[in-house]
Amino acid sequence: MSPTGTWREYIGWPLLFGAGLLGLWYAVKGIFALPAYTLPAPHEVLGALFDQRTALARAALATAKGSLAGFSAAVGLGFALSLLIAAFRVLRIGLYPYVLFMQMVPIIATAAIIVTWLDAGLPSVAAIAFLIGFFPVVASTVAGLHSVPSEQVELFRLYKARPWQELFLLRVPSSLPYFFTGAKIAATLAVIGSVTGEIFAGSTARGGGLGFMILIYKSSVNTPGIFAATLLCCLLGFLFVGAVLLLKRFFLRKWHDSLDTDFNPL
Amino acid sequence: MSPTGTWREYIGWPLLFGAGLLGLWYAVKGIFALPAYTLPAPHEVLGALFDQRTALARAALATAKGSLAGFSAAVGLGFALSLLIAAFRVLRIGLYPYVLFMQMVPIIATAAIIVTWLDAGLPSVAAIAFLIGFFPVVASTVAGLHSVPSEQVELFRLYKARPWQELFLLRVPSSLPYFFTGAKIAATLAVIGSVTGEIFAGSTARGGGLGFMILIYKSSVNTPGIFAATLLCCLLGFLFVGAVLLLKRFFLRKWHDSLDTDFNPL
Amino acid sequence: LFALAGCGGPDHEPAEPTPENPFRVVLQTDWFAQPEHGGFYQALEKGYYREAGLDVEILEGGPNAMSVQKVLSRRAHFAMNRADTVMTFAMRGMPVVMVMATLQHDPQGILLHADDPAQTIEDLDGRRVMAVPGLAWIAYVERKYGITLDIVPHDFGMERFLADPRFIQQCLVTNEPYYMEKHGAEVRVLRLSEAGFNPYHGIYCRRDFAEARPDIVQRFIDASIRGWTDFIEGDPAPAFDAIAARNPKMTPDFMAYAHGRLVEDRLVTGFPERGEAVGRLGPERMRALHDELHALGILDERLPLETFFTDEFLR
Amino acid sequence: MIAKAPEIEFRRVSKRFGAGPLVLDGLDLKVSPGEFICVIGPSGCGKTTFLRMVAGLSRPSGGEIRFDAQADGTRPELAFIFQDATLLPWLTVLGNIELPLRLRGEPRAERRATAARLTAEVGLGAVGDYHPRQLSGGMKMRVSLARALSLSPDVLLLDEPFGALDAITRNRLNEDLLALHRREGWTAFFVTHSVTEAVFLADRILVLAAEPARVETIIPVDLPRARTLALRESDEFHDAVAEATRRMHSVLAR
Amino acid sequence: MIAKAPEIEFRRVSKRFGAGPLVLDGLDLKVSPGEFICVIGPSGCGKTTFLRMVAGLSRPSGGEIRFDAQADGTRPELAFIFQDATLLPWLTVLGNIELPLRLRGEPRAERRATAARLTAEVGLGAVGDYHPRQLSGGMKMRVSLARALSLSPDVLLLDEPFGALDAITRNRLNEDLLALHRREGWTAFFVTHSVTEAVFLADRILVLAAEPARVETIIPVDLPRARTLALRESDEFHDAVAEATRRMHSVLAR
Ligand SMILES: Nc1ncnc2c1ncn2[C@@H]1O[C@H](COP(=O)(O)OP(=O)(O)OP(=O)(O)O)[C@@H](O)[C@H]1O
Ligand SMILES: Nc1ncnc2c1ncn2[C@@H]1O[C@H](COP(=O)(O)OP(=O)(O)OP(=O)(O)O)[C@@H](O)[C@H]1O
Ligand SMILES: [Mg+2]
Ligand SMILES: [Mg+2]
């Protein structure tokens, strides 16, 4: 597995699979004779992307902002809450169930409340993106903070580490592989969250994002447009996931096995 | 930490926090003089729950079905896909990006396609719930399957374990703590996923579920009703999470540290 | 909490607004910019609001605009909805009143393929209809005709209709038929107004706002009626341009179609012989609708007219 | 310094895991401050369990362990060298060694200096910035030793610290350990399987028998306290080892 | 059986990790089938690295390791006892021991029987259904030994398997190991820090020197192949140990 060979693989295989999937797409379209409004052909999607490039670029930017805000908040606050939960037994026992509770509230039910308190537009969109990405970070990080080998905990207890030392010098580094898994999930949810936010609480006046564009295209049967906007959602999502993976590599490269035995860019 | 004391804590603290949150709820309502249509009081929510008990019970049952189907599929297929990805390097490199891709497609963009192929009602609802819960399982399980200590992998290689043996006898058991984290996330998303599914693909004739009820209450501005339906969503969600935790205890109790040092029912 | 301050800076609310020192007003529409909102855009573009001393911002809505939340939290002064929904608001205790009409007649209808066997709404018994669950018209037709519809939630799209020759969905006569025909589907519309369900579409605001600043409400209504009249009777181009600028799907062709429907079906002007006029809200029609909704059990209590409606600005 | 080390008294200490068999049965022992106790006994007899109870990581099922009243009433400072090194994988060798100092809030520069000195002392000067997974088994144990010595503990618990080391390194570290013990005066509990090592290091050798472990016998070592490697060549030492071996085998074979 | 063990030839084998220093430098060695090689050398000199290369877990940076052409052209069957036991935490003692048989597809009943026999042989009969975290360090190593013996390998690689065991257990297992070796005839590479153990077990002792490890010397052990514990009391044995120690020290001190 020489480095160059590896890179060639890491570009070649996805391209190959991509080509396969595109072929499948054309095949399904052809076999079922699906019209563009049901399933546009890939080239029709690219056409729509090109036609609508200014509108879509503006929308993608708006969605990127909402996603970034929501994602940062989900990761930041999610991590912070995980620390609190790990640090204070009482919070873990008493509060965690309500965090779960909050996670299980459908967005459609909270959207009205969010819009009542926050301005429609970016703040609401970001709030919804946050709500969607928050819990995966908390669940993963809490699992990680609790998965510390017991001898290491004993070592810290022996050295009379204060609780915050045990937390920051032991549990936090030890939980990073879990944390990054949660952050990766949150990253994939960030754009979805933002789009959902735009649909339920977006203000269209202030630069509606991709969710808004999807609604607009929907109400004018512009299915290729929907697919084009969706494509942009996915690309945005990849940016977020990519950022998480870079951070993960940076933090875990030196000591964690999973990166050593399987270099896996995703 | 005697067992009885523990159980008392595990009931007492959540109740205490619950009481605190209820107090906060009433306080917010009082201080901002919020009317029922913005923020109903807890007793008004219970009132709505009682008034609408037959409709809500039927809806909850429908949602439970959708969630259960979607959740089972997410966990089952997510686990299966993770295995494939872990087993075949080519899939990991070539296919995983497209799995991520799929995860990042907003439901609104796919809902029409799903409903067209699967028809409105349970199948579509379950499919949407599945799509939402699927990726967290895959991301977590794949991370777990790759986090096996390298000496254990070497042991298996030395014993000329066939790939499927390495997968099932080593990677799978070793990844369980990660898998259960993913399953827990999927469990909290199951009900949300089902509700989202109902918003896009419910049907009165097929006993529209809680998502459908929320839409109806929304149209008739019945905020206490929305809260009551939401409450049921959360309770359903707890059932799923509880089931996951029971399974986790069953499988990991004997050997995994996290359960030993911190007994944490959630 | 921090966002309660509202939309972009402190509101400007002079006691004696002038064109130079205008009163800032936010209007929340019920959908993306479209010809059904034309009068407001016309008034905005032609400077009628500015002349009246108002600085109007039009916020577009969408399928989940939650405009009433914005009005209640004072982030919009006016919002748009149907009379039946405003009655529901009142029933829930929301302090809002309808102050003017935009459409005299309900443009809602049920869209079917031209060759669908159903000829009347009664024929839809047991059929699947894509609509917004919980809307009053559903209960209205179900109870009035003793039928049951299988409602599936509206996805605000048309692909499913195009793909399925027996598909039925809720529509606006000014809108969906155009696209369906453009995509080669022959369609028919069963109008809800023919079934007797014919609420006004109109504008509402908080009651305390109407009481505290009747002058502003009056100015807004007068300028809006002027805009609507001009939009219907004059050249709609200024509104079209503004709408197209905001909503990329608005082609001149479509807007001409929608405008044509508004004019031909007299949706905005109504029938003068029945006492209808641009912006007019008739107390009798409001009362009649209320009574009927109550009789059908859709409103579970009788409400005094003034809890949801005032025509003091229309006299 | 020397005054810190506590007197430790074990009173009928016994231990059983859950519903399993007794692991330790009624252990009675009094250890004076600064004494060096070696613990020897068959595999699985309860040596680690015994050390863990001294450290407070495990509670006796019966009996009690008493530390004499410290001046300020706190528990003694303990350092533990675990049987498996228990290094933190994300820290370098130096980072692992300075950990106890860091936990105690020592200033960065000082603790770096101490860690560097200790790293050199255990012969790892060249690999200070390696991560644990780059180390050999013996190297890990030496890191663990350096870490334990970075504080000046009152009680040092060593669970087969030198089992994975070659004879030369082991002897050198044995000598270093004794020198340090003379200087710092901590009380030591040292688990080993080597009678030679035990005789060289210990004031008294605690011999445990298996199933359940009782104090089978306690062998005092009557050699001068200032011991160097030279001693190991002496007849006196050989006799002591032979005697200890004989006594051990005689009781264990019983 | 005996015919299976390969001849192994090391030709100028060297190893370096990444851009680090040389760990092994030009190792040349020829091992005949069924030979018992003990490897001895200072901590961190490259013994584990050497074993890992024999096992194919790590590739030499230079030179090559040749196994003679096996009858069916496959690589020899290897068993490795890692320096840290590397047990699977979710399997019981029996489960861990029967793992290689299970991987090989042995029927359930047979492998259970074999595992039970081996468990008893290493003295763990009473704890067959314990999980690894309930075991002591030495018990874990014994499980690891039993696991390695559960197959009949062609080559057995043992990385300080008995470092964590008491003398009595260790001697007994040494003897068992030799008996097994006579019966099964595998080639063994056995890392130890004990010259006595090396002399007792080995046909030849490979002494490695540190930084970078070269074959410092190879000490042949000229004792009869059928060795029992009785031999250890003999003068012949003591002389051999003394001689080996002398030679080792003389080269390592160079
Ligand atoms: N993955 C690695 N990366 C870098 N260096 C390594 C790695 N693995 C081992 N080394 C280095 O190789 C050298 C030899 O290590 P090895 O584990 O073979 O020693 P050893 O002879 O087995 O020692 P011990 O008796 O202490 O187990 C050490 O200096 C170690 O730091
Ligand atoms: N968590 C546990 N649960 C059940 N039994 C345990 C547990 N920990 C240890 N034991 C048992 O206690 C006994 C003593 O274990 P201990 O680790 O103290 O042995 P040891 O003397 O240190 O042995 P070694 O020299 O092999 O390290 C063993 O029989 C072991 O099985
Ligand atoms: Mg032990
Ligand atoms: Mg080694």
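Throughout, a chain's letter reflects where its sequence line sits, starting with A, and its residues are numbered from 1.
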Checklist entry - Checking A:F32 against chain B: side chain, backbone, both or neither under 4.5 Å from a heavy atom? => result side chain
Under a 3.5 Å distance rule, please check whether [X] uses its side chain to pair with a backbone N or O of [Y] as donor and acceptor.
X: B:Y98; Y: A:G18; answer: yes
X: A:K218; Y: A:I226; answer: no
X: B:R171; Y: B:E166; answer: no
X: B:Y217; Y: B:A229; answer: no
X: B:S175; Y: B:G144; answer: no
X: A:T110; Y: A:I107; answer: yes

Select one option (side chain, backbone, both, neither) describing which atoms of [X] are under 4.5 Å from chain A's heavy atoms.
X: B:L34; value: side chain
X: B:I108; value: both
X: B:L21; value: side chain
X: B:I199; value: side chain

Checklist entry - So do the side chains of A:V244 and A:F71 get within less than 4.5 Å of each other, counting heavy atoms only? => result yes
Checklist entry - Are A:R92 and A:H146 side-chain neighbours, meaning at least one heavy-atom pair lies under 4.5 Å? => result yes
Next on the checklist: One pair to check against side-chain hydrogen bond (donor to acceptor under 3.5 Å, both in side chains): B:E198 and B:T63. What are the steps and the verdict?
Outcome noted: CA-CA 8 Å; B:E198 284 155 9; B:T63 300; 2.9 Å; yes
Top of [options] for chain A proximity - count of heavy-atom pairs under 4.5 angstrom:
options: B:G237, B:S140, B:C234; answer: B:C234
options: B:L235, B:I185, B:I214; answer: B:I185
options: B:P106, B:C233, B:G12, B:G211; answer: B:P106
options: B:V195, B:L91, B:V90, B:T230; answer: B:V90

Checklist entry - B:E154: what forms a salt bridge (charged side-chain N to carboxylate O under 4.0 Å, His left out) with it, not counting sequence neighbours? => result E:R52
Next on the checklist: Could you report the tightest heavy-atom contact between A:K184 and A:L245, atom names first, then the distance?
Outcome noted: CD-CD2, 3.9 Å
Next on the checklist: Only pairs of heavy atoms separated by less than 4.5 Å count here; which of A:F240, A:W13, A:F227, A:Y178 has the most with chain B?
Outcome noted: A:Y178
Checklist entry - Could you name the residues of residues 186-194 of chain A that have a heavy atom within less than 4.5 Å of a heavy atom in chain B? => result A:T188, A:L189, A:I192
